[in-house]
Amino acid sequence: MSNGKANGGSDGLEDPSVLRDRLIEAAMPHIPFDGWGRQAALEAAQDLDLDPGAAMKAFPGGAIDMIRCHLQRADREMMAALAEMDLPSMRVRDRIATAVRVRLEQHEHDRDAVRKALTILAMPQNATIGMQALYRTVDDIWFAAGDVATDWNFYSKRALLAGVYSSTLLFWLQDTSEGSEATWAFLDRRIADVMKVPKVTSRLGEALSFLPRRARAFREFRAKTG
């Protein structure tokens, strides 16, 4: 009977994205102690009975590659969870609140790992990666919420949600209330605040009529590059 070590001997036959996801999942309990990077990846490989070389090959960029994989995996899991919900029956603000809550609750037991990831992403050399990851998350949330805007609102909605999501994430990391109820109340207040803004900024659309083409072009680029 084959085992994980035997499979590890032919890791080239396993879908690299599947292997990375498996390693990230196994690494999460180790990250609070070992941080993002080589040691946590090696611990994950050992837990999965894989050749240690498989972990090093899966994340050639070290910690930042692991974090990028973790964030992409979290977005996919969020979208899968939201697909099982009856979002169309909700108000738009409730769809957004639900999506943000789902995204954070995925890591209810991984707050230390999330905190360490944010520390790394805050480094100047990783700022672009952090912004790309944030954009992907808020774009997915708006897509799940049914947003079809291609005008100025395409950008304003994502910019506003990026602020809501980021501030709520930071609040959640410090929240010790039961069931994170303080975080969800904070989220509701932030969404209520920003729901007023599009009414003020919508007039800018006429002056920025070129943005629909930019939006479509960016989506096409993202689809090609993954």
Side-chain angles (χ1 to χ4, degrees), residues 1-84 99 102-141 143-144 165-166 169 172-173 219-226:
M1 182 175 64
S2 62
N3 56 28
K5 186 75 79 174
N7 183 53
S10 57
D11 287 323
L13 299 179
E14 184 172 5
D15 186 327
S17 63
V18 173
L19 175 60
R20 287 192 291 270
D21 283 350
R22 292 176 60 207
L23 286 166
I24 288 295
E25 183 176 6
M28 293 304 285
H30 299 287
I31 291 168
F33 309 100
D34 300 317
W36 291 90
R38 175 184 175 85
Q39 188 57 42
L42 290 174
E43 294 284 354
Q46 183 175 10
D47 290 348
L48 295 173
D49 200 20
L50 293 173
D51 187 322
M56 298 299 95
K57 187 175 181 180
F59 306 111
I64 198 65
D65 275 1
M66 292 178 68
I67 293 170
R68 192 187 339 239
C69 176
H70 158 70
L71 293 172
Q72 292 173 349
R73 176 172 175 265
D75 286 341
R76 292 196 303 271
E77 291 181 348
M78 174 189 69
M79 294 297 280
L82 293 175
E84 298 298 319
V102 166
R103 184 65 168 73
L104 296 183
E105 286 182 332
Q106 291 175 334
H107 305 301
E108 181 62 33
H109 303 294
D110 300 318
R111 295 193 195 205
D112 285 342
V114 173
R115 191 176 291 108
K116 289 179 181 294
L118 289 179
T119 298
I120 293 174
L121 290 173
M123 297 178 180
Q125 65 269 30
N126 298 325
T128 299
I129 294 173
M131 291 300 295
Q132 289 172 340
L134 176 59
Y135 173 82
R136 184 182 297 273
T137 297
V138 298
D139 188 48
D140 282 347
I141 290 174
F143 180 82
Y165 178 79
S166 298
L169 171 59
W172 172 78
L173 285 173
R219 279 188 174 277
E220 292 172 1
F221 173 77
R222 181 183 167 189
K224 292 178 182 178
T225 58

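Hydrogens, waters and symmetry mates play no part in the numbers below; they use all other heavy atoms, side chains included.
- In plain terms, the two heavy atoms of Ala63 and Ile120 that are nearest each other are CB-CD1, 4.2 Å.
- Using a 4.5 Å cut-off on side-chain heavy atoms (C-beta onward), Leu82 and Phe143 make no contact.
- Looking at heavy atoms from C-beta onward, Leu71 lies out of side-chain contact with Thr137 at the 4.5 angstrom threshold.
- For Arg20 against Cys69, the heavy-atom pair with the smallest separation is CB-SG, 3.7 Å.
- Applying the side-chain hydrogen bond (donor to acceptor under 3.5 Å, both in side chains) test to Gln39 and every residue at least two apart in sequence or in another chain returns Glu43.
- When all heavy atoms of Ala113 and Pro32 are compared, the pair lying nearest together is N-CG, 4.5 Å.
- The shortest heavy-atom contact between Leu23 and Ala55 is CD1-CA, 3.9 Å.
- For Gln132, there are no side-chain hydrogen bond (donor to acceptor under 3.5 Å, both in side chains) partners two or more places apart in sequence or in a different chain.
- Checked against side chain to side chain contact (heavy atoms under 4.5 Å, CB included), Arg76 has the following partners two or more places apart in sequence or in another chain: Asp21, Gln72, Arg73.
- Counting heavy atoms from C-beta outward, Asp34 and Leu42 have side chains that stay 4.5 Å or more apart.
- In this view, Arg111 and Glu108, Ser180 satisfy the side-chain hydrogen bond (donor to acceptor under 3.5 Å, both in side chains) rule, not counting sequence neighbours.
- Listed by chain and number, the residues in a side chain to side chain contact (heavy atoms under 4.5 Å, CB included) with Asp47 are His30 (sequence neighbours excluded).
- Rounded to the nearest 0.5 Å, atoms CG (Asp110) and NZ (Lys116) are 13.0 Å apart.
- Side-chain contact check for Val114 versus Leu169: some heavy-atom pair is nearer than 4.5 Å.
- The side-chain heavy atoms of Ile64 and Phe59, taken from C-beta on, include no pair separated by under 4.5 Å.
- By the 4.5 Å heavy-atom criterion applied to side chains, Asp65 and Arg68 are counted as neighbours.
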For this session: Output, in order, the C-alpha distance, side-chain angles, deciding distance and verdict of salt bridge (charged side-chain N to carboxylate O under 4.0 Å, His left out) for Arg103 and Asp75.
Result: CA-CA 7 Å; Arg103 184 65 168 73; Asp75 286 341; 2.9 Å; yes
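- Although no hydrogens or angles enter the test, the distance criterion places a donor-acceptor pair under 3.5 Å between the side chain of Gln106 and the main chain of Ala74.
- Closest approach of Ala41 to Met56, counting heavy atoms only: CB-CE, 3.9 Å.
- Note on Arg136 versus Asp139: no salt bridge recorded, every NZ/NE/NH1/NH2 to OD/OE distance being 4.0 Å or above.
- Leu121 contributes atom CG, which lies 9.5 Å from atom CH2 of Trp36 (distance to the nearest 0.5 angstrom).
- Arg115 contributes a side-chain N or O that, together with a main-chain N or O of Leu173, makes up a donor-acceptor pair within less than 3.5 Å.
- Qualifying side-chain hydrogen bond (donor to acceptor under 3.5 Å, both in side chains) partners for Glu105, counting only residues two or more places apart in sequence or in other chains: Arg101.
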